[in-house]
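Here's the structure we're looking at; comments come further down.
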Number of protein chains: 2
Amino acid sequence: MSATSQTLRDEIENGIVTGEFPPGERLDEVQLATRYGVSRTPVREALMQLGAIGLVEMRPRRGAVVAEHGPERVFEMFEVMAELEAMAGGLAARRHGDNDKAAILAALEQCQNAAEKNDTDQYYYENEIFHRAIYTASHSGFLEEQCVSLHRRLRPYRRLQLRVRNRMKVSLAEHCEIVDAITAGDAQKARLLLRHHIAVQGDRFGDLLATLRP
Amino acid sequence: MSATSQTLRDEIENGIVTGEFPPGERLDEVQLATRYGVSRTPVREALMQLGAIGLVEMRPRRGAVVAEHGPERVFEMFEVMAELEAMAGGLAARRHGDNDKAAILAALEQCQNAAEKNDTDQYYYENEIFHRAIYTASHSGFLEEQCVSLHRRLRPYRRLQLRVRNRMKVSLAEHCEIVDAITAGDAQKARLLLRHHIAVQGDRFGDLLATLRP
DNA sequence: GTCAACGAATTTGTATACAAGAACATTGAA
DNA sequence: TTCAATGTTCTTGTATACAAATTCGTTGAC
């Protein structure tokens, strides 16, 4: 694995999570190779890695396609994400230090700024930083890795989520409550709030389905 | 990815989780290639995949080594595993059908048989089947995948766990309680029991440390 | 007109060749 | 004796070549 292979992996992964390569799209080896100006070998190695983490589906002798999950599967992924986030929040409530608290509060403030400007893209970006700050505050490196990884994997399915009416305001209000619970050291409350914050339920299930049926 | 590459990936992964390739061991490409009678290309592809899921560490230009985690990291992995198992158990309590229940009871019985024969290896094997039955009963395909994957990853660190005094009997007793909670539909209780069943705590933390310091 | 079968062309999987960087040993000086 | 420098060797990373399989198009029969 050299810089090329690693870079390629990131490039393709980025293309997937940003929607440039939508779910179901075929990833042609020679096409990618010419596009990035390399041979097929590093492209294949990059695809193998993405296949191992579930971002692309490798069909033997039939090429790679961007992983395409059905609604139930995506729902299940959000379920697990909610649980991992809840765990991170609970640990953060008990373990966070001054630096962690400062990072979380700063991220919350940036979320507030974006919400006031009604800038959905900016909020989306700051939201990610906010959640990562909580992962870090959990002081569990492995949990942080798992959360970041799953978060990335869910990005293609969450991109449109925030565009639904009032979602940004509701999300921000929930963020405030979560921060209160964490800084107060209330692990149980932080868990419940985060699980609810992430979980796909009620109306949002319909929203999710809508994003999956283009 | 052909049969060779896929097989190779499984072979090496198996070698890692069975301890044939212990943590920290260098995985030489040509050595593996000659051993399995193939060229370096499929070996590299297999290693890439194992690197992507964290079983081996890929150091650029310096080869691959079996991932070697420090005690804290392993502890964190068990923490996450406990949470995922708890989640699976909770879902299983609410969602299990007749087939699921039968599979869990059958697995429990096999655990009992192994325990009566004092057969640690057999118990280790049946224990895995028991836990997988719970994953399946959660009726969340994604959660099941995550649990199986993390379970495999922890195998090298759990192999010796069951050998400590009385661990098998305690484990079996916990299994019985867990089954009671699941079949009774008591999700909350199943969660608590499973979290405790998996979590590394008290004396077992010392046991874990012991297995990590050879 | 539809479907099946056969053949060409594209594409994947593996091996090999080559280039570049890292590990290692040998030699020399302090 | 120890340490540093340099050259050799070994290993990794990438490209290319070739083999095998799948896909697609064409042709033919019903």
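Order of the sequence lines fixes the chain letters, A, B, ..., with proteins taken first and strands second; residue numbering starts at 1 for each chain. Values below: every heavy atom of this structure, side chains too, minus hydrogens, waters and symmetry copies. All values derive from a computational prediction rather than experimental measurement.
A salt bridge does not link A:Arg152 to A:Glu128: none of the charged side-chain nitrogens sits closer than 4.0 Å to a carboxylate oxygen. With respect to A:Arg191 and B:Glu83, a salt bridge is recorded, a charged nitrogen being found less than 4.0 Å from a carboxylate O. Ion pairing between B:Arg40 and B:Glu45 fails under the 4.0 Å rule for side-chain N and carboxylate O. Under the 4.0 Å criterion applied to side-chain N and carboxylate O atoms, A:Glu13 and A:Arg155 are not assigned as salt-bridge partners. The existence of a salt bridge linking B:Glu79 and A:Arg95 is confirmed by a sub-4.0 Å separation between a basic side-chain nitrogen and an acidic carboxylate oxygen. Taking a cutoff of 4.0 Å between a charged side-chain nitrogen and a carboxylate oxygen, A:Glu29 and A:Arg62 do not qualify as a salt bridge.
Between the CZ atom of A:Arg26 and the P atom of D:dT22 there is a distance of 14 Å, given to the nearest Å. What separates CD of A:Glu45 from C1' of D:dA15 is a distance of 12 Å, to the nearest Å. One interatomic measurement links the two molecules: CZ of B:Arg44 to P of C:dA15, which rounds to 14 Å at whole-angstrom precision. A:Asp28 places its CG atom 12 Å from the P atom of C:dT10, with the value rounded to the nearest Å. Taking atom CD of residue B:Glu29 and atom P of nucleotide D:dG13, one finds them 6 Å apart after rounding to whole Å. In this structure, the CG atom of B:Leu8 is 13 Å from the C1' atom of C:dG13, given to the nearest Å. Computed from coordinates, the B:Leu32 CG to C:dA15 P distance equals 14 Å when rounded to whole Å. For the pair B:Met48 CE and C:dG13 C1', the computed distance is 16 Å after rounding to whole Å.
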Run the side-chain hydrogen bond (donor to acceptor under 3.5 Å, both in side chains) test on A:His131 and A:Glu85 for me, step by step, so that the C-alpha distance in whole Å, both residues' side-chain angles and the decisive distance to 0.1 Å come before the verdict. CA-CA 8 Å; A:His131 283 277; A:Glu85 293 251 5; 3.0 Å; yes
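Within the 4.0 angstrom heavy-atom criterion, only backbone atoms of the sugar-phosphate kind lie near B:Val38; the bases stay farther away.
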Show each protein N/O and nucleotides 16-21 of chain C N/O combination with a separation under 3.5 Å, one pair to a line.
residue, atom, partner, partner atom, Å
C:dT16, O4, B:Thr41, OG1, 3.4

Distances under 3.5 Å between protein N/O atoms and the N/O atoms of nucleotides 23-25 of chain D, please, pair by pair.
residue, atom, partner, partner atom, Å
D:dT23, OP1, A:Arg62, NE, 2.5
D:dT23, OP1, A:Arg62, NH2, 3.2

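Of all non-hydrogen atoms in A:Gln31 and A:Asp28, the two that sit nearest each other are N-OD2, 3.0 Å. Pairing each heavy atom of A:Ser171 with each of A:Asn127, the nearest pair is OG-OD1, 4.3 Å.
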